[in-house]
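None of these values were measured; they are calculated from a predicted model.
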Amino acid sequence: MTHTIYQPDNSSANVLRSEHDATLNTLIRQHGLTGNAQQGRILPAIESPLAQLGMQLFFSKALSGSRDVACASCHHPLLGGGDDLSLSIGVDAAEPNVLGHKRLLQGKLSPSVPRNAPTTFNSGLWQQFMFHDGRVAQLETGITTPDVTYSQPDPLAGDNLVHAQARFPVTSNHEMRGKSLMLVVLRNRVANV
């Protein structure tokens, strides 16, 4: 491999550059790559009513079954859009208003969410899949979710991956739904038998 010394446009210092760097820079220019994931997308202004509603819902505990956890409990902006835990704690937190590494489970409960919370930063720009296992994914024909056979589009997925992903934590007993709502549903079913 050969190396050359050059002076970049944004510096007065000389830099050692490999042949691979030069080839990569040529390819980047040829394909018009900018590193700007927003390029060509129309994003709502944060001041828009829809974005403001989304923010209020994101921080609201009213969406959870026991009214004790919000999306922000595991994806807080001050914690990098995550929760600073190796295994997330959704429902059953000892102190529901505590976030980060001091968020603990009640009593002697074991963690029931088998993964950590991924960041929500820039998630509206994701184009291929959501969740660690890719269970919400973009297909050529639409978006597939756990509610349909894999590789089939889900008609309820919404307009993008974030729309599709958003309904699953709310319906998960361990993440947001909790047991109290499940008990109400079970009691109603038993009462109707």
Smallest heavy-atom separation, Arg167 atom then Asp147 atom, equals NH2-OD2, 2.7 Å
Handout entry: N/O donor-acceptor pair under 3.5 Å between Ser66 side chain and Asp68 backbone
Key = no
Pro111 side chain near Leu105 side chain, heavy-atom distance below 4.5 Å: yes
Rounded to the nearest 0.5 angstrom, the CG-CZ distance for Leu24 and Arg29 is 10.0 Å
Subject >> Exam field: side chain His31 to backbone Leu33, donor-acceptor pair closer than 3.5 Å >> reply: no
Could you check whether atom CG of Leu27 has more than 12 heavy atoms from other residues, nucleotides or ligands sitting under 6.0 Å from it? yes
query: Is the number of heavy atoms from other residues, nucleotides or ligands under 6.0 Å of Phe129 CZ greater than 12?
result: no
Is there a side-chain contact between Pro146 and Val136, using heavy atoms and a 4.5 Å cut-off? yes
State, without any angle test, whether Asp92 and His174 hold a side-chain donor-acceptor pair at a distance under 3.5 Å. no
Contacts of Arg115 meeting salt bridge (Lys or Arg N to Asp or Glu O under 4.0 Å) (sequence neighbours excluded), chain-then-number -> Glu175
Taking atom CD as the centre, does Gln30 end up with more than 12 heavy-atom neighbours from other residues, nucleotides or ligands that are less than 6.0 angstrom away? yes
> Do other residues, nucleotides or ligands put more than 12 heavy atoms under 6.0 Å from Tyr150 OH?
Replying inline: no
Nearest heavy-atom approach of Ala70 to Ser60 is CB-O, 3.4 Å
Quiz item: So do the side chains of Trp126 and Asn160 get within less than 4.5 Å of each other, counting heavy atoms only?
Solution: no
message = Would you say Leu63 ends up clustered with Leu53 if hydrophobic residues are merged whenever their side chains have heavy atoms under 4.5 Å apart, either directly or through other cluster members?
response = yes
Distance col, row Gln128:CD vs Gln138:CD, nearest 0.5 angstrom, shows 9.5 Å
> Within a strict 4.5 Å, meaning less than it, do heavy atoms of the Leu79 and Leu99 side chains meet?
Replying inline: yes
Pro153 and Gly142 have their tightest heavy-atom pair at CB-CA, 4.1 Å
- Message: Determine whether Phe59 and His75 satisfy the following criterion, ring-ring contact (aromatic ring centres under 6.0 Å, His included), listing intermediate values before the conclusion.
- Response: CA-CA 10 Å; Phe59 284 91; His75 303 282; over 10 Å; no
The reported gap from OG1 in Thr26 to CG in Asp21 (rounded to nearest 0.5 angstrom) is 10.5 Å
Quiz item: Above 12 or not: heavy atoms from other molecules or residues under 6.0 Å from CG of Asn122?
Solution: no
ask   = Does the Arg103 side chain pair with the main chain of Pro96, one donor and one acceptor, at a distance under 3.5 Å?
value = yes
### Note, Leu139 side chain near Gln152 side chain (heavy atom, < 4.5 Å)
no
Correct closest heavy-atom pair for Ser151 and Thr144 would be N-OG1, 3.6 Å
Review point. Is there a donor-acceptor contact under 3.5 Å from the side chain of Thr119 to the main chain of Gly80?
Key: yes
Is Met130 close to Val162 at the side-chain level, that is, under 4.5 Å between some pair of heavy atoms? yes
**Message:** Using a 3.5 Å distance criterion without hydrogens, assess whether the side chain of Thr23 forms a donor-acceptor pair with backbone atoms of Glu19.
**Reply:** yes
Closest heavy-atom pair, Ile89 versus Val91, reported as atoms and distance to 0.1 Å, is CG2-O, 4.0 Å
Exactly one of Leu125, Ile143, Thr145 clears side-chain contact (heavy atoms from CB on, under 4.5 Å) with Leu161, and that residue is Ile143
| Are the side chain of Ser88 and the backbone N or O of Gly90 linked by a donor-acceptor pair below 3.5 Å? | no
Any heavy-atom pair between the side chains of Met176 and Thr171 that's under 4.5 Å? no
